[in-house]
Asker: 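The structure is given below, and queries will be raised subsequently.
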Amino acid sequence: MGHADVVEEIMIGEDKLIRFSGVAGKKACTVVLRGANKQILDEAERSLHDALCVLTQTTLETRTVLRGGCAEITMANAVDEAAKKTSGKRQLAMYAFARALRQLPTIIADNAGYDSAELIAQITAEHYS
């Protein structure tokens with residue numbers, strides 16, 4: 001059937017579970033989610049699902065865009081250059097779009113818990129040097 005180095009009964013809260021450790025092949029695992037109510041469990045399940053999807057996509061597609069936000073700064077610079085050759089309301093809309101593109105790296109950095117002002121200053125300096 002199979003082999004496990006350790007088979008033990010463990011308690012999680014008030015529930016008894018059987019845990020198998022050291023299983024040959026290691027092709028599957030079980031994740032136990034616990035929460036105060038159904039909404040918290042549903043959110044935990046969605047978060048775990050999202051994380052697993054990211055891992056799956058990362059293993060399937062190994063190409064990445066380095067330094068999140070660089071593509072947006074590059075696009076903003078290109079839109080700014082095109083706006084210089086445009087007149088009227090269209091130019092104003094293009095400048096506004098470029099400003100919006102420059103906000104995306106700030107949002108990415110803030111969401112990741114980084115000092116967005118410092119990172120954006122570094123990225124902008126690299127693009128203009």
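Just so you know, these numbers come straight off a predicted model, no measurement behind them. Just so you know, these numbers use all the heavy atoms, side chains as well, and skip hydrogens, waters and symmetry mates.
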Asker: Restricting to non-hydrogen atoms, name the atom on C70 and the atom on I123 that form the minimum distance, rounded to 0.1 Å.
Answerer: SG-CG2, 4.2 Å
Asker: Evaluate the criterion side-chain contact (heavy atoms from CB on, under 4.5 Å) for residue pair K38 and D42; output intermediate values, then yes/no.
Answerer: CA-CA 6 Å; K38 183 156 175 37; D42 289 344; 3.3 Å; yes
Asker: What closest approach, in Å, do N77 and R102 show between heavy atoms, and which atom pair accounts for it?
Answerer: OD1-NH2, 2.9 Å
Asker: So does E45 have more than 12 non-hydrogen atoms from other groups sitting under 6.0 Å from CD?
Answerer: no
Asker: At what distance, to the nearest 0.5 angstrom, does CG of L101 lie from CZ of R99?
Answerer: 11.0 Å
Asker: Please determine, by modelled atom types, if E118 and Q122 share a side-chain donor-acceptor pair under 3.5 angstrom.
Answerer: yes
Asker: Are D80 and K84 close enough for a salt bridge, meaning some N to O gap below 4.0 Å?
Answerer: no
Asker: Can any side-chain N or O of Q91 pair as donor or acceptor with the backbone N or O of A83 at less than 3.5 Å?
Answerer: yes
Asker: Do F97 and L104 share a hydrophobic cluster (ILVMFWY, side-chain heavy atoms under 4.5 Å, transitive)?
Answerer: yes
Asker: Is there a side-chain contact between T59 and L55, using heavy atoms and a 4.5 Å cut-off?
Answerer: no
Asker: Yes or no on side chain to side chain donor-acceptor pair (under 3.5 Å) for S116 and D110, after CA distance, side-chain angles and deciding distance?
Answerer: CA-CA 6 Å; S116 60; D110 286 341; 2.8 Å; yes
Asker: Check for me, please, whether M75 and I120 land in the same ILVMFWY cluster - side-chain distances under 4.5 Å, paths through other members count.
Answerer: no
Asker: Please determine whether the number of non-hydrogen atoms from other residues, nucleotides or ligands lying under 6.0 Å from atom OH of Y95 exceeds 12.
Answerer: yes
Asker: To the nearest 0.5 Å, how far apart are OG1 in T56 and NE2 in H49?
Answerer: 8.5 Å
Asker: Would you be so kind as to tabulate the donor-acceptor pairs closer than 3.5 Å made by side chains of residues 7-16, with sequence neighbours excluded?
Answerer:
residue: E8; atom: OE2; partner: R19; partner atom: NE; Å: 3.0
residue: E8; atom: OE2; partner: R19; partner atom: NH2; Å: 2.5
residue: D15; atom: OD2; partner: R34; partner atom: NH1; Å: 3.3

Asker: Count I, L, V, M, F, W, Y as connected when their side-chain heavy atoms are under 4.5 Å apart, and connections chain through other members. Are L52 and L33 then in the same cluster?
Answerer: yes
Asker: When rounded to the nearest 0.5 angstrom, what is the spacing between CZ in R46 and CG in L41?
Answerer: 10.5 Å
